[in-house]
Amino acid sequence: MISIALYIVLGGGLLALIFAFAKTRWIKRQDLTNPMLREIGGHISEGAMAFLTREYKVLTPFILLVAAFLAIGNQGALRYQSLAFVLGALASALAGFFGMRVATAANARTAQAAQDKGLNEALQVAFSGGSVMGMSVVGLALAGLFLVLFFGVSAFGMDEATLSGTILPLGTAFSLGASSIALFSRVGGGIFTKAADVGADLVGKVEAGIPEDDPRNPATIADNVGDNVGDVAGMGADLFESYVGSIIGAMILGLTVTGASEIRVKLMLLPLLVAAVGVVASIAGTLFVRTKHDSDPQKALNTGSFGAAIAATVFVFILLYVLIGNDTFGNGTGMFHVFGATIIGLAAGVIIGQITEYYTGTDKRPVVSILKACETGPATTIITGIGVGMRSAFPTVIVIAAGILGSFLLAGLYGVGIAAVGMLVTLGIQLAVDAYGPIADNAGGLAEMAELPRSVRKITDSLDAVGNTTAAIGKGFAIGSAALTAIILFSSFKDQSGLQMVDITSTNVLVGILIGSVIPFLFSALAMNAVGKAAHEMIAEVRRQFREMPGILAGHDKPDYRRCIDISTRSALREMLAPGLIALISPILVGFLGGTQMLIGLLTGVTITGVGLAIFMSNSGGAWDNAKKMAEANVDGRSSDAYKAAVVGDTVGDPFKDTAGPALNILIKLMSMVALVIAPMLKAFWG
């Protein structure tokens, strides 16, 4: 049964990769005849791939160092965790590489399609570019898990003790490798993109009075590069490790339920099989993404997402009927309880997306309140935006809490685990919709830089406006999945470390909670300060170019785009290390110096604080961004003080929503994953 399940998972992974390959070839065949689009798109692609290559070179020694630690710190078969860790890092890096390479090819072709063919064709190119990212993530994740688990089963057997003590720990190491790449990709990409964005906004828009995507703006190419390294490669790596982490965590919990050995093995395999059928549902959902001239592209994307969710619901029910049938575990828990928990996770993800859309969407009351506050200056703009972000955290956390409670009541801790998998079951299309955003954003910038007709810009603006909302929804979805994944990971850590009971009134636990509760603030501070330092360099460079080459603003001289890209790259690679090391080292130090009880407290504190802070920062930034978009729509008011206040609010929100906020959800998962990987070492160390 285990071997058959693994081959099904391999089939799902290969299907996703074949789909991604077919979409890549289709995108490359699309026309790109405009010489300006080809030239500027080439600059963006070159800058994005150069950054990613340099980032991976910087991370390679770190990956090898952690692999050596796992090889030396473990004994026997667990030493293979080092190889699984490297494979996880490689798979995550490849997913980002493939996704971003296609995204930077799709942006110019989206603008070309908007000019030559219209709205639906442009939507198809942009969404297809995003679907390559989505399907690459799920395909490489499932193929990687197959390799790790198949190797473990072939080398060490498949009895329950071996599955629990050897094979699944190899899976956690694979997930840790993915998490490590995700954190640095998210933080590094966020620093890169926001340094460029701040420079382009403050000097270009506010001081020089030119549009953000004006080719005279020296930071504009770096800004477009940053959209890809932050919101395509970074988000892809983020959800790659959420996907893998939720599957592995739920598999571990499956072996801990009370029941016959056969049902425990089935429950262990179920998360893998749910992910495999999710690939089919995601591909089916992509077929519904169609729109008409002058229609809202958001409706087309929603139709695809909801279609995939409905298909996944049907497929999961059939899967449960075939795999579990009338079998029960615990106190009579059966397939309908597990199905209910899975659907709760899926529904919670959809609801979180709707809440995020309400608090960050254009023309919605919270964003309109920020736009109104712009009339009285930057101070009220920032105050109102902070209030919107703080308020948005409450309903989002209530949904997460309700999802945890409901799934637990249905199927215990395993229910929470399978709910996390359910939330990510249609990740292929969810990530496609998210990655669509930066492609559409780039297409709009390229249309302006290439001076395409206003009718083209109208199409790309409609795609871009939807992209802002899908990006915000994607971040909300990522945070929700992070909360569920982190909970099942540190629940799995409790089992793997041998802890029977945790007393929250214990001094060690309380100290751990206190330390954990401030780590998200320290992490965010380092990320925000990194953006501030990089932005300072960028602002100085843009001002220098305008001062020393006055022909730039007159349209006679060409800006030095490469210099701005290099500033963002160097700053991102230099500043991303400190936040990343905090996430990796703090669980190890607390675990070996304070013990497993203190480490449980640390994970509790960082999860509780990190989830709320991430929601607040991401939604504040998204609301400020769309308030600025609404202000921009008033062409006559672009020189007004209210518009400048909106730009300042958006500039403050940029590192909130694209650097610190999204990286926090990786922080809480990565710390739990580190704890889970070192659990056997801690058990041996503390006896």
Side-chain angles (χ1 to χ4, degrees), residues 1-13 15 138 142 145-146 149 160 163 168 243 246-285 306-350 403-430 481 484-485 488:
M1 180 170 59
I2 293 176
S3 297
I4 294 173
L6 290 179
Y7 281 119
I8 292 173
V9 170
L10 176 62
L15 177 63
V138 297
L142 292 179
L145 282 172
F146 167 80
L149 299 176
E160 198 170 321
L163 288 170
L168 291 184
Y243 191 62
S246 66
I247 291 171
I248 291 296
M251 290 177 73
I252 292 172
L253 292 176
L255 287 178
T256 65
V257 301
T258 303
S261 177
E262 183 180 357
I263 187 64
R264 286 201 296 269
V265 172
K266 287 180 178 180
L267 293 175
M268 181 203 72
L269 295 173
L270 180 61
L272 284 169
L273 297 173
V274 167
V277 300
V279 171
V280 181
S282 294
I283 291 174
F306 290 131
I310 293 170
T313 301
V314 175
F315 294 160
V316 169
F317 183 83
I318 295 171
L319 172 64
L320 284 167
Y321 181 80
V322 172
L323 184 67
I324 296 179
N326 295 323
D327 292 341
T328 60
F329 62 94
N331 295 319
T333 304
M335 63 164 285
F336 288 102
H337 299 86
V338 176
F339 177 71
T342 308
I343 300 309
I344 282 175
L346 183 60
V350 172
I404 293 170
L405 184 60
S407 56
F408 180 83
L409 291 174
L410 283 172
L413 271 178
Y414 182 76
V416 179
I418 204 66
V421 176
M423 187 178 284
L424 294 165
V425 65
T426 57
L427 179 62
I429 192 169
Q430 289 163 342
S481 67
L484 288 180
T485 302
I488 65 172

Does any pair with a residue in residues 419-429 pass side-chain hydrogen bond (donor to acceptor under 3.5 Å, both in side chains), and if so which ones, sequence neighbours excluded? Thr426-Gln430
So which heavy atom on [X] is nearest to which on [Y], and how close?
X: Leu427; Y: Ser282; answer: N-OG, 4.2 Å
X: Ala5; Y: Leu273; answer: O-CD2, 3.9 Å
X: Leu424; Y: Ser246; answer: CD1-OG, 3.5 Å
X: Met423; Y: Gly349; answer: CE-N, 3.7 Å

Please list all pairs passing the salt bridge (charged side-chain N to carboxylate O under 4.0 Å, His left out) test where one or both residues lie in residues 306-316, with sequence neighbours left out.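 Residue pairs passing salt bridge (charged side-chain N to carboxylate O under 4.0 Å, His left out), neighbours aside: none found.
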State, yes or no, whether a side-chain contact exists between [X] and [Y] at a heavy-atom distance under 4.5 Å.
X: Leu149; Y: Leu272; answer: yes
X: Tyr243; Y: Val421; answer: no
X: Ile252; Y: Met268; answer: no
X: Leu253; Y: Val257; answer: no

Can a donor-acceptor pair be found, under 3.5 Å and without considering hydrogens, that links the side chain of Arg264 to the backbone of Thr258? no
Can you name the residues that form a side-chain contact (heavy atoms from CB on, under 4.5 Å) with Ile2, not counting sequence neighbours?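 Counting only residues at least two positions away or on another chain, Ile2 forms a side-chain contact (heavy atoms from CB on, under 4.5 Å) with Leu6, Val153, Met158, Leu163, Val265, Leu269.
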Name each donor-acceptor pair under 3.5 Å that joins a side chain in residues 338-345 to protein atoms two or more places apart or in another chain, with its distance.
residue: Thr342; atom: OG1; partner: Val338; partner atom: O; Å: 2.9

Residues 308-328 side chain polar contacts: donor-acceptor under 3.5 Å, at least two apart:
residue: Thr313; atom: OG1; partner: Ala309; partner atom: O; Å: 2.9
residue: Asp327; atom: OD2; partner: Lys266; partner atom: NZ; Å: 2.9

To the nearest 0.5 Å, tell me how far Ile263 CD1 sits from Thr333 OG1.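 That separation rounds to 10.0 Å.
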Determine all donor-acceptor pairs shorter than 3.5 Å in which one atom belongs to a side chain in residues 403-418; sequence neighbours excluded.
residue: Ser407; atom: OG; partner: Gly403; partner atom: O; Å: 2.7
residue: Ser407; atom: OG; partner: Ile404; partner atom: O; Å: 3.1
residue: Tyr414; atom: OH; partner: Leu267; partner atom: O; Å: 2.6

